[in-house]
Every structure is written in C-alpha cells, then in structure tokens.
*Asks:* 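Next up is a structure, given as structure tokens.
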Amino acid sequence: MFRLDPLQRRRWNAFRANPRARWSLRIFLLMLVIALPAEFVANDKPLLVSYRGEYYVPVLRFYPEKAFGGEWETEAVYSEPEVQCLIATGGVEDCLDDPEAVMEDAADGQIEGADLYPGWILWPVVPYHFATVNAVARAPSPPDAQHWLGTDDQTRDVVARVIYGFRISILFAFVVTAVSSVIGIVAGAVQGFFGGWVDLLFQRIVEIWNGTPELYVLIIIGAIIPMNFWLLTLFLAVFGWTRLIGVVRAEFLRARNFEYVRAARAMGVGDFRIMFRHLLPNAMVATLTLLPFITTAAIGTLAALDFLGFGLPPSYPSLGELTLQGKNNLQAPWLGITAFVTFAVMLSLLVFIFEGVRDAFDPRKTMR
C-alpha cells in the first residue's frame with residue numbers, strides 16, 4: 001500500500017488547504033480525462049460495431065467496406081447510410097441502392113434474414129473527428145443539436161477541434177516546461193554553487209541568449225523548415241531555459257555557505273550531492289513560482305505562432321487556428337467566444353494549481 005512520508009503528507013495537506021487549487025485540480029483532471037483519450041471521445045469511427053454476430057473495433061483497426069458486405073476495399077465510411085444499412089441488416093445487397101427503403105422494410109420485418117443478424121453501431125459521445133468535413137448548409141454554421149459549438153469555416157465540428165486542440169496545447173506546454181526547467185535548474189545550480197568564473201561565464205551567455213528575439217527567430221525558422229510538434233517543442237525549450245536561472249542561482253548563492261553545507265563538505269559529501277540533495281529543495285519554492293508562467297507562456301507562444309501561420313501544420317487541430325477563424329469570421333461569434341473561453345479556463349486552472357503547489361513546497365506553510 002502506498003503511503004506518504006510525514007513531509008509529503010504535510011505538503012499534500014497544505015495543497016488541500018487551498019480550495020481554489022483543490023477545485024482547479026479536480027476540474028483540470030476531468031478535462032484531461034476527456035482530452036487525453038480524444039480518439040475515444042470525438043471520432044467519426046465507431047467505438048464498437050456488431051455485424052453478423054461478430055464484433056469490430058473501427059476506432060483501433062482498419063476495416064474495408066467489403067467486411068460489411070460492401071463493394072470497396074477502402075476503409076468503410078461509417079457515417080454513410082449505405083454502410084449503416086449494411087451493418088444493421090447483416091449485409092443486404094439492396095442497401096447499396098436504396099438504404100432508407102431497406103431500413104424501413106427491415107424494421108417492418110419484410111426482409112428475410114435481416115432479423116437473424118441485427119447489427120448495431122456504438123458511436124463516441126462526439127461522432128466527429130477534428131478533420132471530419134460535415135455536410136451542412138453553410139460554413140461556418142451556428143451551434144445546433146448535432147454540432148454543439150457549431151462548425152468552422154471548413155465545416156469541421158468545433159467541439160472535436162477544441163478537445164484535440166486542448167490535448168495538444170497541454171502536452172506541448174508540459175513537455176516544454178519539463179525540458180526547459182531541467183536545463184534551467186541545472187544551469188542555475190551550477191552557476192550559483194560554484195560562483196567565480198563559472199558564474200561570470202554563464203551570466204554572459206544568459207545575457208546574450210535573453211537578448212535574442214524568440215518569436216522572430218521562431219517565425220524565421222518556421223518559414224524555412226516545416227514545423228511539427230517535436231521540432232517546435234525543441235525550439236521553445238531551447239529559448240525558455242533561461243527563465244529559471246535567475247531565481248535558482250540566487251538561492252544557491254545564498255545557501256552555499258550555510259552551516260549544513262559546510263558540515264556536509266567536512267564529511268566528504270560530493271558537490272553534486274550537496275547541490276541536488278540539500279540545496280535544491282530549498283530553491284524549489286522560488287522555482288515553482290515561475291513554473292506557471294513558463295507553462296502559460298508556452299501555450300501562448302504556440303497559439304500566437306498558429307495564429308500567424310508559423311506554428312503547427314494545418315493538419316493539426318489548433319486553438320490558435322480557431323482564434324484566427326474567429327477573427328476572419330466576425331459573423332460567426334461562436335468561434336471567437338469558444339477560443340477565448342477555452343484559453344481563459346485552461347490558463348486560469350493551471351495558474352491556480354501551480355499556486356497550490358507553490359504553497360505546498362513552502363516550508364513556512366507546511367510547518368504551520
């Protein structure tokens with residue numbers, strides 16, 4: 001059975017003592033539970049199909065139309081009436097000519113054998129993929145019973161694009177924050193602990209690096225090299241690692257001459273063990289204070305690049321691209337409102353959660 005030690009228990013209690021952080025964490029976890037398995041929540045492929053007594057999982061596997069009594073070797077389009085008729089009636093050939101009439105006859109019991117293999121389709125909650133082009137009267141179309149948040153200017157369902165876009169934004173921000181934080185903490189720890197020429201050299205490098213216009217460089221690189229998720233993550237992590245150096249360096253400069261550090265050195269403890277075992281926990285409060293800003297900055301930078309057309313490829317669902325559609329289609333206010341509310345909720349929850357984490361690692365509050 002997993003048990004927390006007294007220090008971890010005090011930190012968890014300090015986090016729970018902040019109701020805003022506690023409820024933000026619950027809401028954010030619920031959103032993650034919906035967004036991470038997005039293919040099972042919003043997809044134009046069924047979760048499960050029953051055909052002639054056998055079960056198929058289209059969301060995970062490829063099935064040609066011939067597998068359901070059709071004519072083609074290409075993947076079945078499950079939203080088409082012909083395919084739905086074939087599945088429901090067990091492969092009656094007349095479905096290819098007049099599926100509506102066949103379905104009515106099967107319901108009335110006028111087709112022999114149709115009742116022997118009654119098939120069915122289990123759809124996701126949102127029966128649209130982020131790239132599904134829907135047959136609607138106009139684009140963008142307003143919210144209705146089929147499209148809860150309407151469609152964009154390419155008749156794609158906005159709910160599906162928000163779910164997939166939320167997942168990409170969160171995973172992108174977490175990866176960028178993790179990579180840049182590791183680099184920044186290690187660099188700041190080395191700089192503050194050893195001081196001297198190491199500190200001076202790192203300071204000059206940081207000054208030069210901070211003077212580089214990050215957004216302009218990313219736009220130039222994006223215009224030359226086709227961007228993808230991992231390449232853009234790498235570039236943002238390379239530019240974001242300097243944000244933590246200042247606070248980590250200051251904490252290590254302040255604590256490196258404390259009595260317990262001198263005692264550890266006198267006992268023969270190595271420098272890196274002192275740095276990351278004894279000094280780093282004392283620098284975590286200042287470090288965690290900056291983490292929400294790094295995370296929200298990564299989300300904002302991704303949205304800005306997508307808005308300008310230099311971010312992820314058009315094949316990716318993007319909240320920044322949804323914002324651009326809201327700007328270009330002022331007659332469709334649901335696009336801009338959806339993008340604004342999504343960003344506001346996502347960024348607010350992250351800030352409140354990190355606020356609670358910061359309080360949990362603050363020794364003054366955990367000891368209280």
Side-chain angles (χ1 to χ4, degrees), residues 34-165 167-168 313-317 322:
I34 297 173
L36 289 181
E39 287 78 9
F40 296 90
V41 178
N43 208 327
D44 55 2
K45 297 178 182 179
L47 301 177
L48 189 65
V49 170
S50 174
Y51 175 74
R52 298 183 68 87
E54 297 183 3
Y55 295 98
Y56 301 82
V57 190
V59 71
L60 298 177
R61 295 189 58 185
F62 170 91
Y63 297 106
E65 187 180 299
K66 272 193 171 183
F68 305 106
E71 298 178 339
W72 308 103
E73 292 289 350
T74 56
E75 187 172 14
V77 181
Y78 300 93
S79 59
E80 290 186 349
E82 292 82 2
V83 177
Q84 295 183 5
C85 177
L86 288 170
I87 294 173
T89 60
V92 175
E93 294 183 0
D94 293 339
C95 286
L96 302 176
D97 299 326
D98 193 351
E100 295 181 1
V102 173
M103 291 289 288
E104 292 178 359
D105 294 341
D108 296 337
Q110 300 179 12
I111 298 180
E112 279 189 34
D115 57 341
L116 297 178
Y117 302 104
W120 46 265
I121 300 176
L122 178 62
W123 288 98
V125 177
V126 181
Y128 304 104
H129 192 255
F130 68 84
T132 302
V133 177
N134 305 284
V136 294
R138 62 189 179 91
S141 63
D144 54 26
Q146 292 183 342
H147 305 283
W148 301 335
L149 294 177
T151 62
D152 61 8
D153 57 6
Q154 299 182 37
T155 69
R156 297 171 300 191
D157 186 73
V158 175
V159 173
R161 294 190 67 80
V162 166
I163 293 174
Y164 284 89
R167 181 176 68 174
I168 286 182
S315 58
Y316 283 78
L322 182 63

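Count residues from 1 along the sequence.
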*Asks:* Taking all atoms of both residues into account, what is the closest heavy-atom pair of Ala160 and Asp157, and its distance?
*Replies:*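 Looking at all heavy atoms of both residues, the shortest contact is N-OD2, 3.0 Å.
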
*Asks:* Counting distance only, does the side-chain N/O of Asp153 pair as donor-acceptor with the main-chain N or O of Pro140 below 3.5 Å?
*Replies:*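 Side chain of Asp153 to backbone of Pro140, a donor-acceptor pair under 3.5 Å: no, none is there.
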
*Asks:* Please list, chain by chain and in numerical order, all residues satisfying side-chain contact (heavy atoms from CB on, under 4.5 Å) with Trp120, sequence neighbours excluded.
*Replies:* Leu48, Ser50, Tyr55, Leu122

*Asks:* Can you pull out every salt bridge (Lys or Arg N to Asp or Glu O under 4.0 Å) where at least one residue sits in residues 72-89? Sequence neighbours excluded, please.
*Replies:*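 Sorted result for residues 72-89: Lys45-Glu75, Lys66-Glu73.
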
*Asks:* So, using side chain to side chain donor-acceptor pair (under 3.5 Å) as the criterion, who are the partners of Tyr78 when residues are at least two apart?
*Replies:* none

*Asks:* If you take all heavy atoms of Pro46 and Pro58, which pair is closest and at what distance?
*Replies:*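 Smallest heavy-atom distance, with atoms named: O-CD, 3.5 Å.
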
*Asks:* Looking at Leu47 and Trp123, what are the two nearest heavy atoms and their distance?
*Replies:* CD1-O, 4.1 Å

*Asks:* The criterion is side chain to side chain donor-acceptor pair (under 3.5 Å); which residues satisfy it with Asp44, sequence neighbours excluded?
*Replies:*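 Testing Asp44 for side chain to side chain donor-acceptor pair (under 3.5 Å), a comparison that skips the adjacent residues, returns Thr132.
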
*Asks:* List the residues meeting ring-ring contact (aromatic ring centres under 6.0 Å, His included) with Phe40, not counting sequence neighbours, and say none if there are none.
*Replies:*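 Applying ring-ring contact (aromatic ring centres under 6.0 Å, His included) to Phe40 gives none.
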
*Asks:* Please identify each residue that fulfils salt bridge (charged side-chain N to carboxylate O under 4.0 Å, His left out) with Glu71, with sequence neighbours left out.
*Replies:*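 Expected list: none.
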
*Asks:* Quick one: closest heavy-atom pair of Ile34 and Val41, and the distance?
*Replies:* O-CG2, 3.4 Å

*Asks:* What's the spacing between Ile163 CD1 and Phe130 CZ if we round to 0.5 Å?
*Replies:*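 Rounded to the nearest 0.5 Å, the CD1-CZ separation comes out at 12.5 Å.
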
*Asks:* With sequence neighbours excluded, tell me which residues meet side-chain contact (heavy atoms from CB on, under 4.5 Å) with Val162.
*Replies:*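 For Val162 the side-chain contact (heavy atoms from CB on, under 4.5 Å) partners, ignoring immediate neighbours, are Val158, Leu322, Thr338, Thr342.
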
*Asks:* Of all residues at least two apart in sequence or in a different chain, which pass the side chain to side chain donor-acceptor pair (under 3.5 Å) check with Asp152?
*Replies:*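 Expected list: Arg156, Gln325.
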
*Asks:* Would you name the heavy atoms of Glu65 and Val83 that are closest together and state the gap between them?
*Replies:*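 Answer, listing the atom of Glu65 first, then Val83: OE1-CG2, 4.2 Å.
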
*Asks:* Go through His147 and Val159 one step at a time and tell me if the side chain to side chain contact (heavy atoms under 4.5 Å, CB included) criterion holds.
*Replies:* CA-CA 7 Å; His147 305 283; Val159 173; over 6 Å; no

*Asks:* Without swapping roles, check the side chain of Tyr164 against the backbone of Ala42 for a donor-acceptor pair under 3.5 Å.
*Replies:* yes

*Asks:* Mind listing the closest non-hydrogen atom pair of Gln84 and Ile121 along with its distance?
*Replies:* CG-CD1, 4.0 Å

*Asks:* Is it the case that the side chain of Tyr63 and the backbone of Val57 share a donor-acceptor pair, with hydrogens and angles ignored and the cut-off at 3.5 Å?
*Replies:*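 Looks like yes, one N/O pair under 3.5 Å.
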
*Asks:* Just how far is it from atom CZ of Phe68 to atom CD1 of Ile87, taken to the nearest 0.5 Å?
*Replies:*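 Going from CZ on Phe68 over to CD1 on Ile87, the span is 5.0 Å.
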
*Asks:* Checking Pro143 now: which residues fulfil side-chain contact (heavy atoms from CB on, under 4.5 Å) with it, not counting sequence neighbours?
*Replies:*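 With sequence neighbours excluded, Pro143 shows a side-chain contact (heavy atoms from CB on, under 4.5 Å) to Trp334, given in chain and number order.
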
*Asks:* Can you sort out the partners of Ala67 under side-chain contact (heavy atoms from CB on, under 4.5 Å), two or more places apart, ordered by chain and number?
*Replies:* Pro64

